[in-house]
Amino acid sequence: MIDWLSIESKWRKIWHDEKYFEADPSSQKKFFVTVAYPYPNSPQHIGHGRTYTLADVHARFMRMRGYNVLFPMGFHYTGTPILGMARRVQENDKELIEAFRTLYKVPEKNIKEFSEPVKIADYFHQEIKSGMIEMGYSIDWRREFTTIDPVYNKFIEWQFRKLRSKNLVIQGSHPVGWCPKDQNPVSQHDTLGDVEPSFTEYILIKFRYEKYIIPTATLRPETIFGVTNLWINPQVTYKIASVDNETWIVSTECARKLEFLDKKVKVIGEIKGSELVGKKVKIPDRNEEIVIFPASFVKSENGTGIVMSVPAHAPFDYQALEDIKKSSDDQNLSSIAKTILPISIIQTDGYGEIPAKEVTERFQIENQNNPKLEEATKELYAKEFYGGKLKQNTGRFAQKTVADAKEEVKKWILQSNNADILFELNDGPIRCRCGSECVVKLLNNQWFLDYSNKKWKDDTHLWINEMKILPEEIRGEFNYVVDWLRERACARQHGLGTKLPWDKDWIVESLSDSVIYMAYYILAKYVNEKQLVAENLGDEFFDYVFLGDGDSKKIASSSKISHDILENIKNEFQYFYPVNARHSGRDLVPNHLTFFVFNHIAIFPKKYWPEEIVVNGSVLMEGKKMSKSMGNIIPLRDAIRTHGADPIRLAILISAELLQDADFNLEAVRGIKNKLENMLGECPKYKADQSNNQEQEDRWLQSRLQQLILEITSAMEKMRLREALHYVLYEFDSDIQWYLKRTDAKNRKNISGTLHEIFSARVSMLSPFAPHIAEEMWNKLGNSGVVSKSLWPSVLENKIDAAALQSENLLKSTLEDIKNILKVTKISPKRIIIYTSDSWKTKAYQKILSSVIKGEMNIGILIKSLIADKDTENVKMDPDFVKKTVNDILSEPVESRESKAKSGLVEEKKILLEINSLVQKEFGVEVQVFGESDAQKYDPKNKARTARPFKPAILIE
RNA sequence: GCGGGAGUUGCCAAGCCUGGUCAAAGGCGCAGGGCUUAGGACCCUGUCUUUUAGGAGUUCGUGGGUUCAAAUCCCACCUCCCGCACCA
């Protein structure tokens, strides 16, 4: 057993004391890696650890490759959830406070202060930071900041003025979920039951009745061409209200909704639904009148409480019309109804003239109160929306698809003032935590970032296509998001953050004040050293430092800093920018990461645009999604205490490749811990040894090392960390095992030097992943300095010995063959005889090999050309040889084929003499080696003739 | 519906881009053996079917196709997961 925690803290202290991870400009090439900073509203758990660990491995890898790596960290205080939490603490919310106590283990005295939002952020900020330190992240902590620091506020003000000056900030109206009592927008955290308030846009079509307007809400404005009548609920009492300058008849609920949609609503009377039954209304833009019929399916809380009827395409309407025709309540109405024919306006494949009729009949619906109507409606709407085309009777919209026509009809009908818009909450009613029912409110002075700006979008597309994006599969998603983004609200009225500089009622929203902050890490160091003070900083300071604009002397004096410091800051920015790699979880692709690219493009010159984005998947806990309700969230710091930081880092990284969900499970942690402990145990055994007593297996192991370095390095460059780690932890083992088997069979004692070399390289390559234990191993190996600052191993071509690789492969495969034979025959061997192939076969092999490499593997052609040559004409005695040899060659790696072709074939007879010690050790018998045609060979079963190059014949007795 | 991803041998999961190294890595599980007072840990061997000579057969969601050769390329289909916003 080893004491992980003390080993880890020992090395962390050394890194810290020696300031290994503090990066300042130098003559070295730089690498700037950043991660999305955390929002401190809870302690971080294993899941959060993944992105940071990935970035840390990246940072450490690049550092070992000789880069001056800057890996900084900040804390994102901006946002509303913390505000909501503080409010709940003020209201003494039992559930939340209990969670603080038991789940997050927050000390009582801190909880008391949590009614103040900043205290919550401060507490979890420290908590998260401690976890990051304990995980061994190689962060330059001198550059830490929060998004409510005064200088940061100045920085965001600069950003927003910059964006506005480029016309990328615009003002407009915008619907939000809203609590009428709190006078506040509501998000998921603000509602009872944590429901996300979402809403749908309905089009109100204005029908005219005498001096009144009767609006009906619809999702399908294009069906106005198929309207035959209206539906009203005779039981409901409607309001007569003046709405802006018109007089509307709508349900009580609707009148209330309209108030929040920026309309002047005044109720001036009431009217029973039944009074309107049988009345006629005028269809907008057409001089036609239609009648109002009663229907029980019409609900006053939906839309306006009055519905337009399109019986050809709406199952509800079709069925309600049928119901009236059959009804005996009102002979007059039903006889009018009988004269009404559905007007078909949409042609859809698979449906005839009256689709609503077909669907209703197929679902066997007998009246309008049948719940199956919902299903029928859904089916038909979906089919028509994506597959339907408007018919000739829709005039200028004829031939258009429903999806297109919907938007065009909406535009057209709104323009002629025959329509309006109504927002309706989905899955209502939704209640605020205060208990009152939420509505949709139209905010009409909202500020937006104009992501629909054509030029901005185009530039972003171009850059997205040029950037390095890992994994490559996700690039398409970025392009999709860029296309799909439109205006985005960038300010809100509550929460921590920076005030909008020109409209102090608004606070810059959290996904908009976190898009270019990577540049701020340069300033943060000077802020923390107290060299920059907010009051002294104006836009000209930022313009100079980030864009190089303006007169440095003047700016130095207005900012009250020395000219030298100003220059230092600017130079430091120019040194470290652009961001070389940004890491984040994939949930930030459709928002933060895309905004990050957009905003860099808007604000900075091209040379400062980000170079690379690395996206990772999430973390599962024992195969399941982590969630509070499942109780399977493991706080990161708890996990570090029980398992150690390195095993956790590896367990997170090894379970999945970048985009996959990683499964964290204790089994894996234990396995890795053991693996590392075993490796550590090996280290003290090996000492560096300069003497050059290398035998074939030493040269072979050295060659394998070079191949592994090559594989691991290329995996690291592609951020295929699981693969790299796999090589480091496991692939090495099988090679070392073979080496030990060989040296053991030969009774060699002088193997420490080779193993020391192998282990040192291995530990080097382990160190980005498991930095603490790697230091300990490095130290136990007797190497000087820290491995974190050592150089990443490079491939030494001259250490690759093709002959050694070939020879050891031959030994392995021959030994394998012997085992196979023994397994099948189940005989216990008394003697083993090996026969190597004749020289003509070797020549034929080489010819076949070079043809195969050229792509010629047709057996007939090969045989012909071999027979034509005197050296290989023997092939005609054994034509099967060619086919088998081609298969042999095809069943080995391309590189090994090529190296064989290049270096020529080794002499098998000599090599196979080496197998004797191995066979002795394993089976306790002697091996004899003969050539296929040796005169005095022992070959009672006539096996020798089946020998092929690299496939000697074997006889076991 | 749109956009993205996935379906592999008991389970998890590589391989697919760049076809032949693939009966298909690794881990877990399971079986046998070693070590140990025992348990754990660790080490070795085995783990599709068949086979007393290193072989053969059938497999990588389903069905087609291209190719000397397909888990890998192309087409169609089925199933599952994620995102679709103003929220961090």
Side-chain angles (χ1 to χ4, degrees), chain A residues 1 36 38-39 41 76 78-82 174-177 185 187-189 196-198 381-383 385-387 403 446 448-449 471-474 476-481 483-492 495 509-512 514 586-592 617-618 620 623 654-657 659-661 663 665 667-668 670-675 677-678 681 720 722-723 725-727 729-731 734 737 813-814 816-827 852 857-860 886-897 941 943 946 951-956:
Chain A
M1 263 314 270
Y39 183 66
N41 70 335
H76 196 198
T78 318
T80 48
I82 287 178
H174 173 64
V176 291
S187 62
Q188 189 174 346
H189 320 272
E196 176 71 36
S198 65
Y381 277 22
K383 284 277 194 291
F385 186 78
Y386 295 104
Q446 173 64 274
F448 295 89
L449 283 175
E472 186 56 47
E473 299 100 277
I474 206 107
E477 209 164 319
F478 275 103
N479 274 316
Y480 178 74
V481 173
D483 272 333
W484 158 91
L485 268 161
R486 20 176 237 261
E487 301 81 11
R488 183 194 161 83
C490 63
R492 39 175 46 250
E509 175 270 339
S510 54
L511 282 174
S512 305
S514 57
R586 72 176 309 175
D587 50 331
L588 298 188
V589 171
N591 43 67
H592 166 75
S618 61
L620 303 176
I654 205 165
S655 76
E657 217 44 272
L659 211 52
Q660 238 78 49
D661 287 345
D663 183 23
N665 59 78
E667 200 95 51
R670 268 195 293 272
I672 284 160
K673 214 166 166 175
N674 276 317
K675 181 96 219 161
E677 290 183 4
N678 289 342
R720 296 179 61 111
R722 187 203 58 82
E723 188 179 314
L725 199 44
H726 189 262
Y727 283 121
L729 288 186
Y730 303 111
E731 200 73 17
S734 51
Q737 260 170 38
S813 66
T814 307
E816 201 61 35
D817 279 349
I818 293 173
K819 277 189 198 164
N820 267 331
I821 296 168
L822 289 174
K823 185 183 149 199
V824 174
T825 61
K826 299 188 184 77
I827 54 182
V852 169
M857 50 198 89
N858 182 300
I859 308 292
V886 169
N887 281 337
D888 287 344
I889 291 169
L890 284 176
S891 71
E892 68 181 314
V894 179
E895 308 85 71
S896 130
R897 292 177 207 167
K941 291 207 169 155
K943 289 272 177 198
T946 63
K951 195 77 182 168
I954 297 166
L955 173 68
I956 301 178

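For clarity, every value in this text was computed on a predicted model and none was experimentally measured.
Across all strands shown, P38(A) has no heavy atoms under 4.0 Å from either base or sugar-phosphate atoms. Contact annotation for L955(A): base contact, defined as any heavy-atom pair under 4.0 Å involving a base atom. Contacts of I956(A) with the nucleic acid, taken as non-hydrogen atoms under 4.0 Å apart, include base atoms. Contacts of N591(A) with the nucleic acid, taken as non-hydrogen atoms under 4.0 Å apart, include base atoms. Using a 4.0 Å heavy-atom criterion, one finds that D817(A) contacts the bases of the nucleic acid, with or without backbone contacts as well. Within the nucleic acid shown, E509(A) comes within 4.0 Å of sugar-phosphate atoms alone, with no base atom in reach, counting heavy atoms only. Note on I818(A): nothing from the nucleic acid sits closer than 4.0 angstrom, heavy atoms only.
A23(B): no Watson-Crick or G-U partner with both key distances under 3.5 Å is found in any strand. In a base pair of the Watson-Crick type (N1 to N3 plus N6-O4 or O6-N4) or a G-U wobble (N1-O2 and O6-N3), with each distance short of 3.5 Å, C28(B) is matched with G10(B). Pairing for A85(B) is absent, with no Watson-Crick or G-U wobble pair whose two atom distances lie under 3.5 Å. Applying the Watson-Crick and G-U wobble criteria (two distances, each under 3.5 Å), A71(B) pairs with nothing in any strand. If you check C80(B) for Watson-Crick or wobble pairing at under 3.5 angstrom, you find it paired to G5(B).
An OP1 or OP2 oxygen of C81(B) is reached within less than 4.0 angstrom by no side-chain nitrogen or oxygen of R586(A). Put simply, S510(A) has no side-chain N or O that comes within less than 4.0 Å of OP1 or OP2 on C87(B).
For R492(A), taking side-chain heavy atoms from C-beta onward, the closest of the listed nucleotides C42(B), A88(B), G54(B) is A88(B). Among the nucleotides A53(B), A88(B), A25(B), the one closest to the side chain of P81(A) is A88(B).
Between the CG atom of D587(A) and the P atom of C86(B) there is a distance of 16 Å, rounded to whole Å. In this structure, the NZ atom of K819(A) is 15 Å from the P atom of G55(B), given to the nearest Å. For the pair D888(A) CG and G54(B) C1', the interatomic distance rounds to 12 Å; values are reported in whole Å. Remark: C1' of U21(B) and CD1 of I889(A) are 13 Å apart, rounded to the nearest angstrom. For the pair K675(A) NZ and C43(B) C1', the computed distance is 11 Å after rounding to whole Å. Atoms CD (Q446(A)) and C1' (A85(B)) sit 14 Å apart, rounded to a whole Å. As a whole-Å value, the separation of N41(A) CG from A88(B) C1' is 8 Å.
Only the P atoms considered, C74(B) is 9 Å distant from U18(B), to the nearest whole Å. Between A23(B) and C48(B), the two C1' atoms lie 7 Å apart (nearest whole Å). Taking the C1' atoms as reference points, A85(B) lies 35 Å from A14(B), given to the whole Å. G65(B) and G10(B): their C1' atoms are spaced 33 Å apart (whole Å). Nucleotides C30(B) and C11(B), compared at atom P, are 15 Å apart to the nearest Å. With both ends at atom C1', the span from G15(B) to G20(B) equals 14 Å, rounded to whole Å.
Looking at which nucleotide of RNA chain B each of K951(A) and N887(A) is closest to, the 5′-most match is held by N887(A). The residue among Q737(A) and Y480(A) whose nearest nucleotide of RNA chain B lies closer to the 5′ end is Y480(A).
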- Verdict with supporting geometry, S514(A) and T78(A), side chain to side chain contact (heavy atoms under 4.5 Å, CB included): CA-CA 9 Å; S514(A) 57; T78(A) 318; over 6 Å; no

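For the pair K951(A) and D888(A), the tightest heavy-atom approach, listed with the atom from each and the gap, is CB-OD2, 4.4 Å. Across all their heavy atoms, K943(A) and I954(A) have their closest contact at CD-O, 3.8 Å.
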